[in-house]
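First the structure, in the form of structure tokens, and then the observations on it.
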Amino acid sequence: MSQFKSEFLNTLATRGFVHQISDAEGLDAAAVAGPITGYIGFDATASSLHAGSLVQIMMLRWMQKTGHRPIALMGGGTTKIGDPSGKDEARKLLTVAQINANLDGISRVFGRFLRFGQGPTDALMINNADWLDRLNYIDFLRDYGTHFTINRMLSFDSVKLRLDREQPLTLLEFNYMILQAYDFLELSRRQACVLQMGGSDQWGNIVNGIELGRRVDGRQLHGLTTPLLTTASGAKMGKTAAGAVWLSADLLSPYDYWQYWRNAEDADVGRFLKLYTELPLAEIARLAALGGSEINEAKKLLANEATALLHGHAAAVAAAETARQTFEEGASAAGLPTISLDLKAGVGLLQACVTAGFASSNGEARRHVQGGAIRVNDLAVSDEKMTLGLGHLNADGAIKLSMGKKKHVLIKPL
RNA sequence: GGGGGAGUGUCCCGAGCGGCAAAGGGGGCGGACUGUAAAUCCGCUGGCUUCGCCUUCGUAGGUUCGAGUCCUACCUCCCCCA
């Protein structure tokens, strides 16, 4: 397993981060010789990253922890194009204002995982708009266009997939991989960056960058990808019915984030502990081997550790305590997500369910009530026309509204 | 340039004699069973002021009492010929 000499690659490999490496021995040797600089690009397609990006963020963190310098590259420029990798259709073009707003939200999360600064292994955050926005079309084509053949570009999965599925691929998107390759070249020149990492769907883009660096500057660059991560039952990481598992507390409360990990499938526990926590491998092996209901202890630890990394130790403890009260005592825990409604005037049950995020329309809420999923203060309700008012407040001055076993919200008067 | 085929419920795949809010899967959600797991079984899966009304089948028109279904034009994609 641990055929690597460098702590960096050794750690990534044993914890399950590695799918492909362009030149494993070369990269290993470079990492042994001294601190190297590596980067991962993040496009600003939403106002927050979600759990699907967490693997990449953890890699940057491990990179720093093992004595190297990570760069978080913000795709302020590439987002204007849109990456076609792994997608059936072009996503809607975002306005520059949207992109900038998204970058704001995204960049915030890195401070929790990386130490930034000016030191040799301090992380950097760079925006590729710094160079991409200034490119001159003709000059760019003449300088770099000769290094890419259409023949080769057509052979990459990101392109082939779209073509095979008979979906249109526009010239705009077709250019994405070239710009990403150029990013790598720029970073190698500006920051002596020799490594690009990313998800397995980025392999083609990364290889293009390596090629470009070799042809233009004669540099030896490296690429490393992570496996496509799914849950044991095949679902994409970071997606739930309620939507993505956002890393921003504004979009997903620390409590719900904790719950996401707590609800991991048994078969995923070991793998997730290795990827999303920093517990020692021996400890993880012990936890993953727990049988039956005992594995719930491992899941709690997973939730605690993962939440602490993102939202801090205090938030993790609070989430764990809220969960304990809610699930193990069946109590109305004060730490549950809370919404405020005008209870004095009275609020319809269906409307309350929509506001609580249980349903996206009154009709859907109605079906949930008819299906017996909705409870008020832990009592099932069947009357969809019920009105919630001040009279429903419990001893703690709130109404506990629940859907199913896992979704709970506290309603407080305005 | 010529000929043929395709685009369906804004999660996906996919049926659809002119009466259709539109078969069936998958996914998702809820219920039962459990361990806040998986598997299994059951229910739900367009919106609303719900005995009814409104909006959906690539886009825009047309025929018809009535169109996803027929006609015309346009858009996109695929295949064959040149």
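Naming convention: chains lettered A, B, ... in sequence-line order (proteins, then strands); numbering from 1 in each chain. Computed from heavy atoms alone, side chains included, the values below leave out hydrogens, waters and symmetry copies.
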Going by the rule side-chain hydrogen bond (donor to acceptor under 3.5 Å, both in side chains), which residues pair with A/Glu297 if we only count those two or more places apart in sequence or in a different chain? A/Lys300
Starting from C1' on B/G30, measure out to CG on A/Asn263 and report it in whole angstrom. 15 Å
Please list every donor-acceptor pair under 3.5 Å in which a side-chain atom of residues 104-112 of chain A meets a protein atom from a residue at least two apart or in another chain.
from: A/Ser107; atom 1: OG; to: A/Leu103; atom 2: O; distance (Å): 2.9
from: A/Ser107; atom 1: OG; to: A/Asp104; atom 2: O; distance (Å): 3.1
from: A/Arg112; atom 1: NE; to: A/Leu310; atom 2: O; distance (Å): 2.7

Please give the nucleotide sitting opposite B/G27 as a Watson-Crick or G-U wobble pair, both distances under 3.5 Å, or none. B/U45
Quick check for you: among B/G35, B/C29, B/U36, whose closest atom lies nearest to any side-chain atom of A/Ser293? B/G35
Interatomic distance where NZ belongs to A/Lys406 and C1' belongs to B/G28 [whole Å]: 13 Å
Separation of B/U50 atom P from A/Lys385 atom NZ, nearest Å, is 7 Å
A correct 5'-to-3' footprint of nucleotides 41-46 of chain B, with B, S and - meaning base, sugar-phosphate only and no protein heavy atom under 4.0 Å, is ---SS-
Kindly state whether the ring of A/Tyr257 and the ring of A/His311 have centres lying under 6.0 angstrom apart. yes
Pairing partner of B/U36 (Watson-Crick or G-U wobble, both distances under 3.5 Å): none
Looking at residues at least two apart in the chain, or sitting in another chain, which of them share a side-chain hydrogen bond (donor to acceptor under 3.5 Å, both in side chains) with A/Ser402? A/His408
Which whole-number value in Å describes the distance from A/Glu364 CD to B/C29 P? 11 Å
Go ahead and name the base partner of B/A21; Watson-Crick or wobble counts if both distances stay under 3.5 Å, otherwise write none. none
Nucleotide N/O of nucleotides 53-57 of chain B paired with protein N/O under 3.5 Å:
none

For A/Phe358 and B/G30, what is the distance between atoms CZ and C1' respectively, to the nearest whole Å? 12 Å
With a 4.0 Å heavy-atom cut-off, tell me which residues in residues 315-328 of chain A come close to RNA chain B, sorted by residue number. A/Ala323, A/Phe327
